[in-house]
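Positions are given from 1, in the same order as the sequence printed here. Atom set for the values below is all heavy atoms of this structure, side chains included, hydrogens, waters and symmetry mates excluded. For ligands, and for the atoms within them, numbers begin at 1 and follow the listed sequence.
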Amino acid sequence: MTTMTQPADQQVAGGPLNDAQTQLREATTILGYDDGLHAMLAAPRREVTVSIPLRRDDSRIELLTGHRVQHSLTRGPAKGGLRYSPDVNLDEVRALAMWMTWKCALLDVPYGGAKGGIRIDPRQYSQAELERVTRRYTSEISPLIGPERDIPAPDIGTDENTMAWLMDTYSAQQGHTVLGVTTGKPVSLGGSRGRATATSRGVVQVALAALRSRGIDPAGATAAVQGFGKVGRYAARFLAEAGVRVAAVSDQYGTTAASAGLPIPAVEEHVDATGSVVGFACGDQVDDLLTLDVDLLVVAAVEGVLHAGNAAEVRAQVIVEGANGPTTPEADVILQDAGRLVVPDILANAGGVIVSYFEWVQANQAYWWSAAEVEAQLADRMTSAWERVSEHAARLDLPLRTAATCLAVERVAQAHLLRGLYP
Ligand code: GLU
């Protein structure tokens, strides 16, 4: 038996946690909160790091590292995705957990915020290995999770199979089936209709509203979409269905573009066949999708892609954050000064956690809604959140992110103050 270990956790200077803390500091300053309240809002409530020994298919043992961070439990159970990526580290998970708290508060779903991650490149592992990793991680964090405690969901590198294994492992430990311990499960196993496309539906709904707010008619507008995973793929599809000309899409391997508009269903077929958007026939050459001359840029990949080094080159009037944390605070200032409209992650990509909430409600009640019901209720919540944030931003002359963060942080702070301190 040989043993392989990963390098020790590396904390990133700057990075997503710094960005999340900068955004929170700005909000608590505007809200006039004292240092004590700020500190309560800034610190994770609980965090756990676990070792995950994996027996690989060739019998070698490899030791992986996983985290679960519960940033807040103040408004309800913690809620947030589980990420499998070689870039996962504790500070990234802390930032993502904090953003979940603000997202749930902004959309008024009765949850705190959490995030989990395992530092692993899932493409290098078989399905059987990923199942063993998921089961061991679930077992290690099981004292912390549950329908009333903390409810994981898919994120980068995980999917409905991951959630089925997680649910099964937790249920086996409890001795009965507990559907409400995760969301994003397969529809045939207690998942919700409409969950798989929910984030993208919400992204496109606010993107169309944002274009109209700028006097741009979506029919005939142009767009570029960074990321072709769970969010970007359906965002591109729904944008095209709404009449937007999707001129470029990208994934981690490269970009495919056509200034006349890409035939998205054909691109999807190409991705299903080859695993990437690269090599799609009839594509133009594009150096940098982020700086294309389009009306709308949807960033649906990872954190920190719009930064001080490239924000000034962005030409899209409207930027919509399908990913969590794609714009650094320095880039926000540059984009704001250039008159760009940035629709922030905690609003733009909230469709996923909204339908996760619907899934949890359905699982807890063992009563299932139709796809039409899910989509109508999702659309209602996205519309009212968009209107509330836009009005608040206009009234106080704030960027949308600052307005959204203030509204969310205020809601969490009010819950803290009403509950009081124990003891
Ligand atoms: N991972 C998604 C997000 O970042 C969904 C979280 C959830 O549904 O709990 O919002």
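- Residue contacts with ligand 1 for A350 are absent, since no atom lies close enough (heavy atoms, distance under 4.0 Å).
- Close approach of ligand 1 to K79 (heavy-atom distance below 4.0 Å) involves ligand atoms 7 (C), 8 (O), 9 (O).
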Test side chain to side chain contact (heavy atoms under 4.5 Å, CB included) applied to N161 and T134, step by step
CA-CA 10 Å; N161 294 325; T134 303; over 6 Å; no
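- For ligand 1, the atoms closer than 4.0 angstrom to any heavy atom of M100 are 3 (C), 4 (O), 6 (C), 10 (O).
- Between the E391 side chain and the R388 main chain, no donor and acceptor come within less than 3.5 Å of each other.
- No more than 12 heavy-atom neighbours from other residues, nucleotides or ligands sit within 6.0 angstrom of CD on E148.
- Test K103, R83, E303 against N324 for side-chain hydrogen bond (donor to acceptor under 3.5 Å, both in side chains) and you get one pass: K103.
- For the pair P152 and ligand 1, no heavy-atom separation below 4.0 Å is found.
- Remark: R56 is positioned above the aromatic ring of Y125, its terminal NZ or CZ atom under 6.0 angstrom from the ring centre and at most 45 degrees off the axis.
- From the protein, the heavy atom lying nearest to atom 1 (N) of ligand 1 is D155 OD1, 2.8 Å.
- Less than 4.0 angstrom separates some heavy atom of G80 from each of these atoms of ligand 1: 9 (O).
- Under 4.0 Å from ligand 1, the heavy atoms of N324 that appear belong solely to its side chain.
- Looking at atom 7 (C) of ligand 1, its nearest protein heavy atom turns out to be A153 CB, 3.4 Å.
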Assess the residue pair H270 and F280 against the criterion (ring-ring contact (aromatic ring centres under 6.0 Å, His included)); give the C-alpha distance rounded to whole Å, side-chain angles, the decisive distance to 0.1 Å, and a yes or no.
CA-CA 6 Å; H270 176 80; F280 178 72; 5.7 Å; yes
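- For atom 8 (O) of ligand 1, the nearest protein heavy atom (residue, atom name, distance) is S356 OG, 2.6 Å.
- Counting atoms of ligand 1 from 1 in the listed order, those under 4.0 Å from a heavy atom of K115 are 1 (N), 3 (C), 4 (O).
- With no hydrogens or angles considered, a side-chain donor-acceptor pair links R123 and Q252 at under 3.5 Å.
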When you look at Y84 and D159, which way does the side chain to side chain contact (heavy atoms under 4.5 Å, CB included) test go after all the steps?
CA-CA 10 Å; Y84 289 0; D159 58 19; over 6 Å; no
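- Counting heavy atoms under 4.0 Å from ligand 1, residue R195 touches it through the side chain alone.
- Taking atom 10 (O) of ligand 1 as the reference point, the nearest protein heavy-atom neighbour is K103 NZ, 2.6 Å.
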